[in-house]
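Scope of the values below: all heavy atoms of this structure, side chains included, with no hydrogens, waters or symmetry mates.
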Amino acid sequence: MTLADLVEQHRVLLCVGSGGVGKTTTAAAIAAEAARRGRVTAVLTVDPAQRLKDALGLGAPTGKPRRVPLGRIPGRLDAMLLDVKRTFDELVGGLASSPEQAERILENRLYQNLSGTLAGTAEYMAVESVYRLAEEGGYDLLVVDTPPARHAVDFLDAPRRLLALLDSRAFGILKDPTTILGGTASRLAHVVLSGVLRGLERFTGLGLVREIGEFVQMIEGLMDGLRNRVAAVSGLLRSEATRLVLVAAPEPRLTAETEELARALAGVGLAVHGVIVNRALPQHVFGCEVPAAAPITGLPGALERRLQRSWDDMRALADHQALVLAPLLRIANAPVLAEVPLLASAPGSLDELLALGAHLFPREPASEAPAHGQGR
Amino acid sequence: MARAAPPDAKLTPFRHRGYDRPRVASRLPLGTQRLVFITGKGGVGKSAVTAALATAAADAGRRVLAVQAGRGRLGALLGTSALTGEPTRVRPGLFAAAIEPEDALAAFVHGVLRIGMLARRLLESTSFQVLAAAAPGLPELLVLNTLAGWLDARRLGRRAYDLLVVDAPASGHSLPLLAAPRSLSALVRLGPVADMLTRLEHRLADPAETLVCLVTTPEELPVRETIELHREIRALGLPLAPPIVNAVPPRRFGASDEAALARLDPAHPWVMAARFHIERRHEATAQVAALRRELGAAPITLPFLFAGPEAAGGVAALARELGAVTGMAA
């Protein structure tokens with residue numbers, strides 16, 4: 001299986017990985033190449049660097065995909081910046097029974113904080129955007145740059161987690177803290193607990209408990225609609241239409257996080273379909289199995305020593321990279337789809353993205369011509 | 001050497017050697033400060049720099065506590081096992097601990113309520129996030145409070161630690177940590193938490209006490225993020241050190257070498273290795289120059305370690321460099 005197969009045979013390609021592995025750039029390069037191959041493509045991205053934003057023609061988030069000017073390249077590519085807050089607001093607006101209810105929720109201070117920070121909401125809203133575009137956008141392919149979640153699996157497991165949170169006993173406790181005492185507790189216990197909680201509020205100076213209770217009651221009115229929506233979103237993620245690509249880089253901190261992510265994905269029953277290794281030294285040149293090259297003769301001694309030194313350094317680096325990557329590849333249990341060499345600078349134009357695409361889609365015998373004809 | 005040398009004139013508060021003056025010498029002005037935050041974009045080597053700075057200070061005779069606040073691999077780099085909320089001794093003069101906002105909040109709620117079961121229930125699973133969202137900055141505040149507790153800790157009639165080096169969360173998560181006293185004081189005006197806030201805010205803003213070090217690699221994205229983070233932290237009024245550029249490839253080939261290389265077989269592995277080195281060195285010097293231009297301060301550079309900082313002697317090599325630029329190893 002190759003990356004070309006994935007973009008040609010599936011509708012949603014999720015790029016997952018920890019922050020700093022080059023996920024955003026990789027997603028953009030895959031999308032550009034898919035568009036060049038004739039797929040009507042949209043790339044959803046979270047936090048692109050300015051140069052990449054410029055290359056994709058992205059300004060401020062508008063909540064809608066924008067056409068990327070492709071110039072002389074045939075095909076269609078749209079790009080969209082994910083806007084968590086806007087997606088959440090629109091979802092609340094759509095689920096609320098009346099405009100007044102929606103407004104009350106949107107104006108709640110707790111909602112305003114929560115909609116950005118509650119476990120999994122940012123991730124859920126990203127998935128929600130993917131779902132909407134997959135259902136209504138008219139695209140052949142969506143390439144998604146997932147948010148750099150602290151526990152990155154949150155993104156993919158977000159629908160279930162959001163529901164679990166709203167249904168959880170913990171949330172019930174927040175709505176009415178005395179429920180933790182259970183039915184059998186004495187009146188005295190209730191009085192003591194209420195006193196303690198009031199004390200906590202005084203101590204912190206925050207109207208925590210009351211505000212949380214109000215918020216929970218308001219959000220409960222939306223639960224049924226939310227439940228149905230979440231089930232549909234969750235279904236898309238686990239369907240045949242969706243494929244998951246792990247982006248990695250051979251640096252210890254990054255692989256440690258990526259390993260954790262791969263384990264967590266397996267834990268929630270999501271398979272990784274391929275791995276892309278960024279910033280890799282070519283093992284066929286510098287790998288430890290490659291025999292030492294014959295020295296270059298006729299050089300000044302000092303230069304020869306420095307050349308040899310550089311060669312030794314690169315081999316040490318290649319060894320280090322192979323060592324660091326091995327456990328990750330074992331855990332991900334998926335083929336390496338592409339190795340992208342360390343580039344001198346991050347791509348900042350469409351041509352540079354397509355050049356990166358050449359590393360991601362290594363030349364294969366039959367894939368030089370677009371497989372699905374030209375344009376749409 | 002029993003105690004650190006008293007700070008000399010060159011090491012006095014950073015405010016006076018700051019960025020308004022361009023081209024200050026590449027020195028990390030570590031004098032009286034006792035709380036050093038190491039932060040930067042994910043993957044730039046914050047943990048390695050933290051381990052190296054802590055090692056350098058311990059080598060210079062200070063009692064150092066290296067703290068992992070957030071994720072990182074400080075434990076592995078210091079050659080010790082998993083870190084916990086309780087400082088453990090790595091070697092004489094060097095201690096290490098880890099601290100999580102969740103744990104800090106749990107300890108706080110536990111301490112206030114003094115009912116173990118209730119505290120556990122309140123913090124059960126996801127309600128932590130609800131509490132944290134209701135009081136943005138509260139968990140971060142408690143992390144800072146724990147750090148302050150270690151700074152004030154005394155053992156056998158003297159300070160338990162002369163210096164705390166904190167491997168802070170990546171840039172996006174560090175700002176809430178450093179801004180916690182300010183963002184919370186808008187919500188809390190009275191009571192014990194308000195007092196805690198005022199004390200911490202003064203402590204963090206005091207250049208004789210606190211120093212924030214930004215770490216980056218000499219690559220475009222991390223450098224750009226460092227410039228942004230630098231501005232945001234300066235806007236918070238926190239004392240900033242010159243940025244540390246980690247993993248800079250050493251200068252190895254001059255112009256005449258490059259001319260000689262051009263005449264050699266480009267497919268020879270030695271030539272490929274040299275070309276690769278030269279390209280990365282070019283990119284690195286351009287990025288260091290960009291950082292210097294934007295911030296008006298000479299960054300401190302640390303060498304790229306080809307076998308990684310975990311390899312034998314890696315942290316020690318970085319510690320020697322930092323010992324020299326901080327004047328601790330003088």
Worksheet item: Mind checking whether B/Asp265 and A/Ile296 have side chains closer than 4.5 Å, heavy atoms only?
Response: no
Okay, A/Leu281 and chain B: the region with an atom under 4.5 Å from a heavy atom over there is side chain
Okay, A/Arg315 and chain B: the region with an atom under 4.5 Å from a heavy atom over there is neither
If one checks every heavy atom of B/Leu305 against chain A at 4.5 Å, the contacting part turns out to be neither
CG of A/Leu323 to CD of B/Glu310, rounded to nearest 0.5 Å, is 9.5 Å
Turns out that what part of A/Pro295 lies under 4.5 Å from chain B's heavy atoms comes down to both
Closest non-hydrogen atoms of A/His320 and B/Phe306, given as atom of the first, atom of the second and distance, are CB-O, 4.0 Å
Note to self: Treating A/Arg306 as the side-chain partner and B/Phe253 as the backbone partner, does any N or O pair qualify as donor plus acceptor under 3.5 Å?
What the structure shows: no
- Task: Give a yes or no answer on whether the side chain of B/His268 reaches the backbone of A/Ala294 with a donor-acceptor pair at less than 3.5 Å.
- Result: yes
Among A/Leu307, A/Val290, A/Asp313, the residue with the most heavy-atom pairs under 4.5 Å to chain B is A/Asp313
**Exceeds 12 heavy-atom contacts within 6.0 angstrom, atom CZ of B/Arg280** = yes
Between the CE atom in A/Met314 and the CZ atom in B/Arg275, the distance rounded to the nearest 0.5 Å is 12.5 Å
